[in-house]
K.L.:
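Quick one: structure below, then a few questions.
Numbered from 1 within each chain, the chains take letters A, B, ... in sequence-line order. Heavy atoms only: backbone and side chains are in, while hydrogens, waters and symmetry mates are out.
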There are 2 protein chains.
Amino acid sequence: MSIRADLLRGNTDIILLARLAKSDSYGYEINKEILEISDGAFEIKEATLYTAFRRLEKCGYIESYWGTEHTAARRRYYRITPSGRDQLEVMIAEWEETAKLIFRLIKGETYHAGTD
Amino acid sequence: MSIRADLLRGNTDIILLARLAKSDSYGYEINKEILEISDGAFEIKEATLYTAFRRLEKCGYIESYWGTEHTAARRRYYRITPSGRDQLEVMIAEWEETAKLIFRLIKGETYHAGTD
DNA sequence: TTCATATACCTCGCCTGTCAAGGTATATCA
DNA sequence: TGATATACCTTGACAGGCGAGGTATATGAA
């Protein structure tokens, strides 16, 4: 099942921060990873991705630097900042709250996904 | 915790359809219900609400009729259509898939909310 | 009577995130 | 020489959310 953009909207930032919390990475790689993890269901389009990087950098949640590897094309790496880690925690708590609420609203019960 | 608009974006329609699947209702009432269920964390703003009703009606997922009660202000009731029920099922499946995916992306594990 | 409040509906225009479409540049391999 | 993969970026259009503004009626208090 392919996932509608609107359902992902507002989740781009948290996904990127969560990924960068594990290790520094660059746009092209992150994009491929997400596609793979989601079995092709979800893709952050390039325009969206780079817009998000700019936004996060402007907020001070991430920093960037150019890779020095001798690769086909230069890579711009992103690093999460301490402030970004704090923000990520807030966003995760917020997301969990939201997911529970939506589930309650649409199912009238508590969410028990992952038990399948 | 108050919920950001972007996290709800794309969820307005499913929430309204799910509510109408239980019984006919009208905007003002639905809005109050949602506020209550979410403990004030989430509110579909009026402009958003009526825009959504128009959109859903245009898609043939809901129908409307004027209430005949003698109340302060007239009520416009909404009724879910068979097509709307079908669509709701699709949306719920889609939402569950999306929630699982996001959880996997941000936590690197399966979502087990509701077990707290 | 007059005014505030609650009920209940609606629209306009701005804001913001997504993304199609377009662009640049380099290394590799046929 | 050209195709393909890697890797970055920007512009403009689009769509949903929503602040601000509007309408109208019933009720109860001043």
Side-chain angles (χ1 to χ4, degrees), chain A residues 2-17 24-36 38 41-59 61-62 64-78 91 95 98 102, chain B residues 2-17 24-36 38 41-59 61-62 64-78 91 95 98 102:
Chain A
S2 159
I3 289 175
R4 277 186 304 119
D6 272 336
L7 284 181
L8 269 310
R9 191 177 173 121
N11 290 304
T12 303
D13 292 5
I14 194 177
I15 289 170
L16 295 181
L17 285 181
D24 292 9
S25 188
Y26 56 98
Y28 195 82
E29 188 181 51
I30 292 179
N31 229 12
K32 277 196 301 177
E33 271 182 31
I34 293 175
L35 245 178
E36 217 171 288
S38 67
F42 171 45
E43 183 188 1
I44 298 184
K45 300 300 183 326
E46 284 197 13
T48 306
L49 185 74
Y50 291 111
T51 302
F53 280 141
R54 296 297 152 269
R55 186 169 53 239
L56 291 170
E57 198 161 19
K58 202 174 169 189
C59 290
Y61 299 148
I62 61 174
S64 66
Y65 56 93
W66 288 102
T68 52
E69 309 97 329
H70 179 69
T71 47
R74 64 195 178 155
R75 296 171 179 164
R76 183 171 182 162
Y77 282 86
Y78 293 92
M91 284 175 160
W95 187 85
T98 304
I102 292 178
Chain B
S2 156
I3 290 174
R4 277 186 304 118
D6 272 333
L7 283 182
L8 268 311
R9 191 178 172 121
N11 289 305
T12 304
D13 292 5
I14 194 178
I15 289 170
L16 294 181
L17 285 182
D24 292 10
S25 189
Y26 57 97
Y28 195 81
E29 188 179 51
I30 292 179
N31 229 11
K32 278 196 301 176
E33 271 183 30
I34 293 176
L35 245 180
E36 218 171 288
S38 67
F42 172 44
E43 182 189 2
I44 299 184
K45 299 300 183 327
E46 286 198 11
T48 305
L49 184 75
Y50 293 110
T51 302
F53 280 141
R54 298 294 152 271
R55 185 170 53 239
L56 291 170
E57 199 162 18
K58 201 174 171 190
C59 289
Y61 299 148
I62 61 174
S64 65
Y65 56 93
W66 289 101
T68 53
E69 310 97 329
H70 180 67
T71 47
R74 63 194 181 158
R75 296 173 179 162
R76 184 169 181 161
Y77 282 86
Y78 295 92
M91 283 176 161
W95 187 85
T98 304
I102 292 179

K.L.:
For A:Asp13 and A:His70, find the nucleotide of DNA chain C closest to each by heavy atoms; which residue's nucleotide sits nearer the 5' end?
P.N.:
A:Asp13

K.L.:
How long is the gap from CD1 on A:Ile15 to CH2 on A:Trp95, to the nearest 0.5 Å?
P.N.:
9.5 Å

K.L.:
Distance check needed: D:dC8 P versus A:Glu57 CD, whole Å only.
P.N.:
13 Å

K.L.:
Return the 5'-most residue of the pair A:Asp6, A:Trp66 with respect to DNA chain D, ranking by each residue's nearest nucleotide.
P.N.:
A:Trp66

K.L.:
In whole angstrom, what separates A:Tyr50's OH from D:dT11's C1'?
P.N.:
16 Å

K.L.:
Using whole Å, what does the distance between atom C1' of nucleotide D:dG16 and atom NZ of B:Lys58 come to?
P.N.:
14 Å

K.L.:
Send over the distance from A:Lys45 NZ to D:dT11 C1', rounded to a whole Å.
P.N.:
18 Å

K.L.:
Using the rule given for side-chain contact (heavy atoms from CB on, under 4.5 Å), can you reason through A:Tyr50 versus A:Arg76, listing the C-alpha separation, both sets of side-chain angles and the distance that settles it, and then say yes or no?
P.N.:
CA-CA 11 Å; A:Tyr50 291 111; A:Arg76 183 171 182 162; over 6 Å; no

K.L.:
Would you indicate what A:Thr71 reaches in the nucleic acid, counting non-hydrogen atoms under 4.0 angstrom: base, sugar-phosphate, or nothing?
P.N.:
sugar-phosphate

K.L.:
How would you give the extent of chain B contacts on DNA chain C, as first and last nucleotide 5' to 3' within a 4.0 Å heavy-atom cut-off?
P.N.:
C:dT7 to C:dG17

K.L.:
At what distance, to the nearest 0.5 angstrom, does OH of A:Tyr26 lie from OG1 of A:Thr71?
P.N.:
7.0 Å

K.L.:
Report the C-alpha separation of A:Ile14 and A:Leu17 in whole Å, then their side-chain angles, then the decisive distance to 0.1 Å, and conclude whether the side-chain contact (heavy atoms from CB on, under 4.5 Å) test is met.
P.N.:
CA-CA 5 Å; A:Ile14 194 177; A:Leu17 285 181; 5.7 Å; no

K.L.:
Would you kindly give the CZ-to-P distance between A:Arg55 and D:dC9, to the nearest whole Å?
P.N.:
15 Å

K.L.:
What's the CG-C1' distance between A:Leu49 and D:dT10, to the nearest Å?
P.N.:
14 Å

K.L.:
Less than 4.5 Å apart, any side-chain heavy atom of B:Tyr78 and any of B:Ile30?
P.N.:
no

K.L.:
Has the side chain of A:Asn31 got a donor or acceptor atom that lies under 3.5 Å from a matching backbone atom of A:Ile44?
P.N.:
yes

K.L.:
Hey, which sits more toward the 5' end of DNA chain C by its nearest nucleotide, B:Arg54 or A:Gly10?
P.N.:
B:Arg54

K.L.:
Whole angstrom is fine here: how far is it from CD in A:Glu46 over to P in D:dA5?
P.N.:
14 Å

K.L.:
Round to the nearest Å and state the distance from B:Leu56 atom CG to D:dG17 atom P.
P.N.:
10 Å

K.L.:
With nearest nucleotides of DNA chain D determined for A:Arg9 and A:Arg74 from heavy-atom distances, which residue corresponds to the more 5′ nucleotide?
P.N.:
A:Arg74

K.L.:
Could you walk me through whether B:Tyr65 and B:Asp24 pass the side-chain contact (heavy atoms from CB on, under 4.5 Å) test, one step at a time?
P.N.:
CA-CA 10 Å; B:Tyr65 56 93; B:Asp24 292 10; 2.5 Å; yes

